[in-house]
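Here's the structure, in structure tokens; my notes come after.
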Amino acid sequence: MVSFDHLNEQQRAAVFATDGPVLVLAGAGSGKTRVITYRIAYLISQGVSPNDILALSFTNKAAKEMRERVVELIGSAAKTTHLSTFHALGLRFLREEYKSAGLSEKFTILDEGDQLAAVVDLMRDIGYDTDEFDPKLIHGLLSHYKSRLERPDARRGGLEGAVAQIAPLYGRRLRALNAVDFDDLIALPVWLLETDEEIGYRWSGRFKYMMVDEYQDTNLAQLRLLKALAKRHQNVCAVGDDDQSIYGWRGAEAGNILRFDAHFKGAQTIALTQNYRSTNRILRAANKLILNNSERHEKSLWSELGEGESLRYMEAKDGDEEAKWIATDILSAKRHYQADWNEFSILYRTNAQARVLEDAIRNQDIPYKIIGGTRFYDRKEVRDLVAYLRFINNPWDEVALRRIINFPSRGIGDLTIQRIADESRKRDVPFFRLIEKPSDVPNLKNSTRELLLGFHGLMKGFRDRFKQLDADFGTICRDLIETIDFRNAFGRTEKNVRRLMIRLDNLDEVASALGSYREQNPESGLEDYLSMLSLDRNKDEEEESDDVVSLMTLHSSKGLEFNHVYLVGFEEGFVPHIRQADTSSGTTAPVDITEERRLIYVGLTRARRRLTLTGSKTRLKYGRILNRKPSRFLHEIPKELFDGDRSGKMPELTGAALEKRAQNAFDEMFKIVGGDEIV
DNA sequence: GTATCCAAGGTTTTT
DNA sequence: CCTTGGATAC
Ligand SMILES: Nc1ncnc2c1ncn2[C@@H]1O[C@H](COP(=O)(O)OP(=O)(O)OP(=O)(O)O)[C@@H](O)[C@H]1O
């Protein structure tokens, strides 16, 4: 039996209000996520089938965590609850309804690079000068329109006109590749749900109770998806905080949460006001900062966790010193607080900042993990191997095919490829069909035709092997690496042996990952692994989460909490980020300093008891030294909350100083917090 | 068709 | 700084 004693009154109200639309709009750390987990538990305890419950969160990590928490509450009965991200849900939908969407079974999810390449290709085709129109910008706008399910106006000039011209071609191109992009994962399901009555009816009965976490970060397309799925029952419970809306740049629409009751008629709104996470000093810092934003939903937050320790601000002379100082500080704090490593987190604005920190932390033998930003699947050799897998899985994937048809070199040159492409376009036959039957392509030497057939045979062999029910993906993938002879291909250009070894290791890692994926999901095919790759690029790190210090961007930290938080690079240029602060190239998004402020708000409110801001007077960039000054946001946090006077003088690291500084706060905390509970 | 050299540009944030 | 890809020579 689930006990609801661990909820306050408002939380209980939200949990028990199972029917009809409910919005929980409340500040950071007020227990919104806990409402969702308990709500799932409550529904199941009331006899609702776990299979009828859908809870959506923003990241795979969050979805996974939610599953763990619900299982803790009610045990394995929760296992069949649908917990996923919007994109994973969209994918699932399309894997079932692919035919209606004009796709074939094993469609591919195009990664960003390939999306961009498609845009460049199409722009060239219809005679746009890629110097005059930045393809990145065009692609960004295209994505923006899709995320709002809007059509750009073809009669407009300039960028919008260009996007309007390219959009339909881009769509057609993707369908020809039997591929979708991220936005399609939402847009196509919405389109089907809204236009195909049978599909709409079927799916709107599928999930009887739906919950959405971090609702402030949903976009218009996601709102439409939600509406379509909830059409028959309106049982939607959304929780979020407009002050934590940090994805405006990719189409998130704060209006979704602020006008929830207009989108879902008869919605009741519940506010949560007690913060269970942070000390009052931390809370006050965050509240004061966010007060500088207008047009927000005013919220009051209070905490029973005492005043707590003062915040700290440390300004180093350069990035190395900053990183070293943090590493040392973590070491002494670990001793002093008898803390576990996983109580520490280092947050930064951009992934690039992780490098220095990583070095410093590793030097002190501190166990750590870096969440996100991993470029593993962006490395050339990995992308090449994945391109092979993609083509094997989905022969329509011409992008992958072109990437690998002559890598490693097998004598199929640009001219040959051009001839095949021309013929393919002329006769509207997929590229790969012509490789199966090169005699259909005019002007090729017979020896070239032989080469093409050889390539086709090779690929077909692997395709068949991957299709077998008992296929051992890991072994097949290693065979592929061998047969293709990547070793030789990279050995030729890479004379640095160490680097060559790294590349080969990376390839082997893909094989291992593929093998273990198959072992864990014996029912899944190659297509599932590949889409998992595009949707969850952090999978590997999450596995061994254990007792380690976490490094991540402010964006990735949303929803998490740590006893000790270091918010690093607290300088103009990082926060707000230079690209957001200056007015140049203002086409992607309006200059939005308020979103940067919210980002800091998110960062500050991750801390439970000890919050440290750090910055540096100089930064090394591309080998150049840049002078830096403290972030304007520093001055928006009251001086008196800081240890010292916010001047940045390096706080002492000795045990005695720590002792003196923290003693009172520490005792106070312990009295109040007591034993930790699960959410 | 393939190998090699050099210039340019890259760093916002993520599904 | 380092990587990437495009131009050029073989
Ligand atoms: N009623 C409660 N009693 C005690 N602790 C609670 C209660 N509700 C939530 N908590 C704790 O407060 C912390 C924050 O909760 P939770 O993550 O649900 O907040 P949130 O509103 O989702 O935060 P954020 O806005 O930052 O995502 C967690 O450690 C949670 O265990």
Side-chain angles (χ1 to χ4, degrees), chain A residues 56-63 84-91 109-113 115 117 120 136 140 143 146-147 180-187 214 217-219 221-222 245-252 347-356 371-375 378-380 383 406-418 445 447-448 451 489 492-496 499 531-539 552-558 569 573-582 585 588-589 592 595-596 598-600 602-603 619-626:
Chain A
L56 293 170
S57 43
F58 213 63
T59 62
N60 296 285
K61 186 163 40 128
S84 81
T85 63
F86 270 98
H87 294 270
L89 173 69
L91 175 66
I109 302 171
L110 235 46
D111 69 34
E112 195 140 337
Q115 293 170 31
V120 172
K136 273 214 176 109
S143 167
K146 287 172 84 169
S147 76
V180 298
D181 65 15
F182 282 119
D183 303 310
D184 289 330
L185 290 175
I186 313 296
E214 310 285 9
D217 289 319
T218 53
N219 61 33
Q222 289 164 333
S245 157
I246 54 176
Y247 284 95
W249 52 273
R250 69 170 211 208
L347 309 179
Y348 36 80
R349 177 63 227 268
T350 67
N351 286 304
Q353 292 171 258
R355 176 46 52 83
V356 201
I371 296 172
T374 161
R375 295 273 177 280
D378 287 340
R379 318 193 82 167
K380 188 190 174 307
R383 295 198 60 180
N406 199 35
F407 183 86
S409 317
R410 48 175 74 86
I412 303 172
D414 290 347
L415 196 62
T416 307
I417 294 169
Q418 199 49 52
K445 282 190 293 189
S447 59
T448 307
L451 289 171
R492 213 167 305 158
T493 48
E494 190 66 79
K495 41 193 169 123
N496 181 332
R499 287 171 161 269
S531 28
M532 194 265 316
L533 272 195
S534 347
L535 254 39
D536 188 2
R537 321 187 77 204
N538 270 322
K539 195 171 177 300
M552 69 189 99
T553 61
L554 288 161
H555 282 89
S556 323
S557 76
K558 192 171 51 131
F574 280 143
V575 287
H577 195 274
I578 183 102
R579 293 288 274 268
Q580 201 62 268
D582 75 12
S585 80
T588 31
D592 195 356
E595 183 153 311
E596 297 285 300
R598 288 193 291 272
L599 197 51
I600 298 306
V602 168
R619 284 286 160 191
L620 214 53
K621 198 181 186 186
Y622 312 144
R624 292 236 146 278
I625 295 174
L626 300 178

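Each chain gets a letter, A, B and so on, in the order its sequence line appears, and its residues count up from 1. Please read all numbers here as calculations on a predicted model, not as lab measurements. Atoms considered below: every heavy atom in the structure, side chains included; atoms not considered: hydrogens, waters and symmetry mates.
Shown here are the side-chain hydrogen bond (donor to acceptor under 3.5 Å, both in side chains) partners of A:Ser57, two or more places apart in sequence or in another chain: there are none. Looking at residues two or more places apart in sequence or on another chain, you find a ring pair (Phe, Tyr, Trp, His ring centres under 6.0 Å) between A:Phe58 and A:Tyr247. Partners of A:Glu214 under the side-chain hydrogen bond (donor to acceptor under 3.5 Å, both in side chains) rule, at least two apart in sequence or in another chain, are A:Gln216. Applying the side-chain hydrogen bond (donor to acceptor under 3.5 Å, both in side chains) rule to A:Asp184 yields the partners A:Lys146, A:Arg175; only residues at least two apart in sequence or on another chain are considered. Scanning for side-chain hydrogen bond (donor to acceptor under 3.5 Å, both in side chains) contacts around A:Asn406 gives an empty result, with sequence neighbours left out.
Between A:Ser409 and B:dG1 there is no side-chain N or O to OP1 or OP2 distance below 4.0 Å. Within the 4.0 Å cut-off from OP1 or OP2 of B:dT15, not a single side-chain nitrogen or oxygen of A:Asn219 is found. The side chain of A:Asn60 places no N or O atom within less than 4.0 Å of a non-bridging phosphate oxygen (OP1 or OP2) of B:dT14. Proximity of A:Thr59 to the phosphate of B:dT15: no side-chain N or O atom is located under 4.0 Å from OP1 or OP2. Close to B:dT15, at under 4.0 Å from its OP1 or OP2, lies no side-chain N or O of A:Ser534.
Across the protein-nucleic acid pair, A:Ile246 atom CD1 and B:dT13 atom P stand 13 Å apart, rounded to whole Å. Computed from coordinates, the A:Ile417 CD1 to B:dT2 C1' distance equals 13 Å when rounded to whole Å. A straight line from CZ of A:Arg355 to C1' of B:dG10 spans 15 Å, rounded to a whole angstrom. One atom, CD of A:Gln115, and another, P of B:dT15, lie 14 Å apart when rounded to the nearest Å. One interatomic measurement links the two molecules: CD of A:Glu596 to C1' of B:dT13, which rounds to 8 Å at whole-angstrom precision. Summarising the geometry, the separation between NZ on A:Lys146 and P on B:dT15 is reported as 18 Å, rounded to the nearest angstrom. Between A:Leu533 atom CG and B:dT15 atom P the separation is 14 Å, expressed in whole Å. For the pair A:Ile412 CD1 and B:dT2 C1', the computed distance is 14 Å after rounding to whole Å.
Both A:His555 and A:Thr416 sit near DNA chain B, but only A:Thr416 has its closest nucleotide nearer the 5' end. Mapping A:Phe58 and A:Gly411 onto DNA chain B by nearest heavy atom places A:Gly411 closer to the 5' end of the strand.
No side-chain donor-acceptor contact under 3.5 Å links A:Tyr348 to the backbone of A:Leu554. Looking at A:Glu596, its side chain does come within 3.5 Å of a backbone N or O of A:His577 through a donor-acceptor pair. Looking only at distances, no side-chain donor or acceptor of A:Asn219 sits under 3.5 Å from a matching main-chain atom of A:Arg250.
Within 4.0 Å (heavy atoms only), A:Asn406 reaches sugar-phosphate atoms of the nucleic acid but no base atom. A:Leu415 comes within 4.0 angstrom of sugar-phosphate atoms only, judged by non-hydrogen atoms across all strands, and of no base. At a threshold of 4.0 angstrom between heavy atoms, the contacts of A:Phe574 with the nucleic acid are absent. Looking at heavy-atom distances under 4.0 Å, A:Glu112 makes contact with a base.
Relative to the side chain of A:Lys621, the nucleotides B:dG1, B:dT11, B:dT13 differ in distance, and B:dT11 lies closest. Here the nucleotide nearest the side chain of A:Lys136, chosen from B:dT11, B:dT14, B:dT15, is B:dT11.
The stacking criteria are not both satisfied for A:Tyr247 over the base of B:dT13, which would need a centre-to-centre distance under 5.5 angstrom and an angle between ring planes under 30 degrees.
First and last contacts of DNA chain C with chain A, using any nucleotide atom under 4.0 Å from a protein heavy atom and ordered 5' to 3', fall at C:dC1 to C:dT3.
C:dT4 and B:dT11 are spaced 11 Å apart, taking the P atom of each and rounding to whole Å.
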